[in-house]
Amino acid sequence: MELEKIKEAKSGNKEAFEEILMENIDYFYKIAYTILKNEEDASDAISNTVLKAYTKIKQLQKDEFFKTWITKILKNECYNIIRKNKKIVYIEEYKQENLKYSH
């Protein structure tokens with residue numbers, strides 16, 4: 001990844017930002033899928049990461065740490081999805097739990 005592209009992305013160049021993302025999309029997907037083990041959730045985490053990174057790229061202090069920075073955002077997004085999914089109780093599971101205790 002070229003530092004020049006990162007500098008361009010930080011200055012607002014959308015195409016440079018897109019190029020950086022496309023160069024690393026497989027890497028991002030592997031991380032997200034490894035953590036979430038679900039294609040849809042991995043895609044959601046990547047989408048959230050892209051949005052967050054794009055809006056906060058000017059806060060990146062050292063350009064050479066871009067990949068580390070965006071990877072941390074991605075991992076945090078994955079863990080947010082895991083936390084959110086833990087709160088979901090599926091109707092089938094709820095019915096099964098109630099059947100266990102009603103007998």
Subject >> Leu21 with Phe65, same ILVMFWY side-chain cluster at under 4.5 Å >> reply: no
Subject >> Charged tip of Lys5 within 45° of Phe17 ring normal and under 6.0 Å >> reply: no
Original post:
How long is the gap from CG on Asn24 to CE on Met22, to the nearest 0.5 Å?
Top reply: 10.0 Å
Original post:
Any side-chain heavy-atom pair from Trp69 and Gln61 closer than 4.5 angstrom?
Top reply: no
Original post:
Cluster question for you: counting only ILVMFWY and a side-chain heavy-atom cut-off of under 4.5 Å, with indirect links fine, are Leu51 and Ile6 together?
Top reply: no
Original post:
Ignoring hydrogens and geometry, is there a side-chain-to-backbone donor-acceptor pair from Lys10 to Leu60 under 3.5 Å?
Top reply: yes
Subject >> From Ser47 atom OG to Glu77 atom CD, the distance as rounded to the nearest 0.5 Å >> reply: 10.0 Å
Original post:
Of all heavy-atom pairs between Leu74 and Ala32, which one has the smallest distance, and what is that distance?
Top reply: CD1-CB, 4.2 Å
Subject >> Minimum heavy-atom distance between Ile35 and Cys78, given as atom pair plus value >> reply: CG2-CB, 3.7 Å
**OP:** Assess whether side-chain contact (heavy atoms from CB on, under 4.5 Å) is satisfied between Ile70 and Ile20, documenting all intermediate values.
**Re:** CA-CA 11 Å; Ile70 198 167; Ile20 295 166; over 6 Å; no
**OP:** Mind checking the CD-CZ spacing from Glu23 to Phe28? Nearest 0.5 Å is all I need.
**Re:** 10.0 Å
Original post:
What is the distance from atom CG of Asp44 to atom OG1 of Thr49, rounded to the nearest 0.5 Å?
Top reply: 10.5 Å
**OP:** Give me the ring orientation class for Tyr29 and Tyr33: parallel if the planes are under 30° apart, tilted from 30 to 60°, perpendicular past 60°.
**Re:** parallel
Subject >> Thr71 OG1 to Phe66 CZ distance, which is reported to the nearest 0.5 Å >> reply: 8.5 Å
**OP:** Find out whether Glu18 and Glu15 are in side-chain contact, i.e. whether some heavy atom of one side chain is under 4.5 Å from a heavy atom of the other.
**Re:** no
Original post:
So if you build clusters from Ile, Leu, Val, Met, Phe, Trp, Tyr with side-chain heavy-atom gaps below 4.5 Å, do Ile82 and Ile31 land together?
Top reply: yes
Original post:
Could you give the distance from CG (Asn85) to CG (Asn80), rounded to the nearest 0.5 Å?
Top reply: 11.0 Å
Original post:
Can you name the closest pair of heavy atoms from Ala9 and Ile57 and give their distance?
Top reply: CB-CD1, 3.8 Å
Subject >> Side chain Asp41, main chain Lys37, donor-acceptor under 3.5 Å >> reply: no
